[in-house]
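Note sheet for the following structure.
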Protein chains: 2
Amino acid sequence: MTPLVRSFVSHFGEMGSRWGINRTVGQIYALIYVSAEPINADQIAEELEFSRSNVSMGLKELQAWRLVRLRHFPNDRREYFEAPGDAWEVFRTLAEERRRREIEPTLSMLRAALMDDAASAEDRHAQERMRDMHGLIEQLTNWFDDIQRLDSATLSKLMGMGSTVHKLLDFTDKIKRATGAKPRT
Amino acid sequence: MTPLVRSFVSHFGEMGSRWGINRTVGQIYALIYVSAEPINADQIAEELEFSRSNVSMGLKELQAWRLVRLRHFPNDRREYFEAPGDAWEVFRTLAEERRRREIEPTLSMLRAALMDDAASAEDRHAQERMRDMHGLIEQLTNWFDDIQRLDSATLSKLMGMGSTVHKLLDFTDKIKRATGAKPRT
DNA sequence: CACAAGTTTCAGGAATTACTGAAAATTGAA
DNA sequence: TTCAATTTTCAGTAATTCCTGAAACTTGTG
């Protein structure tokens, strides 16, 4: 491994814990990500000096995250791995998985808690707070869904507009008002 | 603690590890979040049956995350804690902190790696991949900055529009083309 | 200043999570 | 079906992270 690749790989190892994956998994992903060609588990184990079984587990986790893809070559039974190249696709995948793992369970819990009837004033206050939290999370995730449905090109445009988006909003308000349409609330 | 509050608190404990904080810290936050009044460290320790020192460490971490706020009452030397009530503010804070801790370090590493000159073809390919990653992260974080600068009301409108935002983009394109302005690329 | 209330630090033990090697399972080819 | 190549599982150990109690520190008050 060249020093350049080595530093990239070890950074992912160190950050892994902050990102909710472990050191090994982070390094494996980094190595696959920068490799020009798909690589197999033995190559990974050798490069990173991990046990073969550790690599196997790490790859399983990366597949569960849908961050790596399996490839086969003719006359070679070994499994090779590559990381999808489209950065947007990776981002989308990551966002979806994090949502599924980190947000949905909380939404369910909140929904259940809001169904209970609160006997005490304490409980009523707690439910009020939970309602706030639930509302925000739902608003955010719905928006995110909408955004995700946009194709990469549109998304790029939208992002390119940045904060000037509020000018656009004002503008459409004016048009609607001028044409007698019901204004946004 | 009522069953309602208990279930909320323990959910935050369980999710804590997925969110990059530990069980204790998650539970402490949850308890402060739903409390009608600010509470002090001893009350937290008693409710959650944690050692006083554990609570102290947890509170320190929550303060580092800017998720809790310190309050004092007259004739009482103890420190009381409350969680900001505006859900949007909480979201903003969380996003800023995560960015600082989880994204900025990676951006720095990538920038440094892209400055190195790549000797081998392998390194050149790796740099290409890193450039992709860097570009995406920067685009996302810049956009996020822009969005965060919007006030809550505008943000709400934007989110309310959801995916119809692309219609708006098409529409402005048409106007610009009709008026002879240079179209967006 | 002396003291008491309150908070933080920290070394060591407890609990959790990660990693390994050996053995089992799977897979494709003969 | 048998065999060899490859991958996965799993029990035990290593490493890390978490939590506690005791001691040290800080702060406001008489």
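Side chains included, hydrogens not; waters and symmetry mates left out as well; all remaining heavy atoms used. Chain letters run A, B, ... following the sequence lines, proteins first, then strands; residues in each count from 1.
The environment of A/E46 atom CD is sparse: at most 12 non-hydrogen atoms of other residues, nucleotides or ligands sit within 6.0 angstrom.
As a whole-Å value, the separation of B/H72 NE2 from D/dT27 P is 11 Å. B/N75 has its CG atom 15 Å from the C1' atom of D/dG30, to the nearest Å.
Between B/R111 and B/E138, at least one side-chain N (NZ, or NE/NH1/NH2) sits under 4.0 Å from a carboxylate O, which counts as a salt bridge. B/R99 and B/E96 are not joined by a salt bridge, as no carboxylate oxygen comes within less than 4.0 angstrom of a charged side-chain nitrogen. Salt-bridge formation is not detected for the pair B/E82/A/R129: no Lys NZ or Arg NE/NH1/NH2 atom is positioned less than 4.0 Å from an Asp or Glu carboxylate oxygen. A salt bridge between A/R66 and A/E97 is present, with a side-chain N of the basic residue lying under 4.0 Å from a carboxylate O of the acidic one. With respect to B/E102 and A/R18, no salt bridge is recorded, no charged nitrogen being found less than 4.0 Å from a carboxylate O. A/R100 has no carboxylate O lying under 4.0 Å from a charged side-chain N of A/E104, or vice versa, which leaves the two without a salt bridge.
The shortest side-chain heavy-atom distance between A/E14 and A/R23 does not fall under the 4.5 Å cut-off.
Once you apply a 4.0 Å limit to the heavy atoms of chain B, the touched nucleotides of DNA chain C run 5' to 3' over C/dA4 to C/dC10.
Note on B/R78: only backbone sugar-phosphate atoms sit closer than 4.0 angstrom, heavy atoms only; bases stay farther off.
Residues from residues 30-66 of chain B that place a heavy atom under 4.0 Å from any atom of DNA chain C, listed by number: B/R52, B/S53, B/S56, B/M57, B/K60. Within residues 10-25 of chain A, no residue has a heavy atom under 4.0 Å from DNA chain D.
No single ILVMFWY cluster, assembled from side-chain heavy atoms under 4.5 Å apart, contains both B/W65 and B/I103.
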For this session: For the pair B/M1 and B/F8, evaluate side-chain contact (heavy atoms from CB on, under 4.5 Å) and give the outcome as yes or no after the intermediate values.
Result: CA-CA 11 Å; B/M1 231 190 309; B/F8 180 76; over 6 Å; no
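The base of D/dT27 sits within donor-acceptor range of the side chain of B/R77, with an N or O pair under 3.5 Å.
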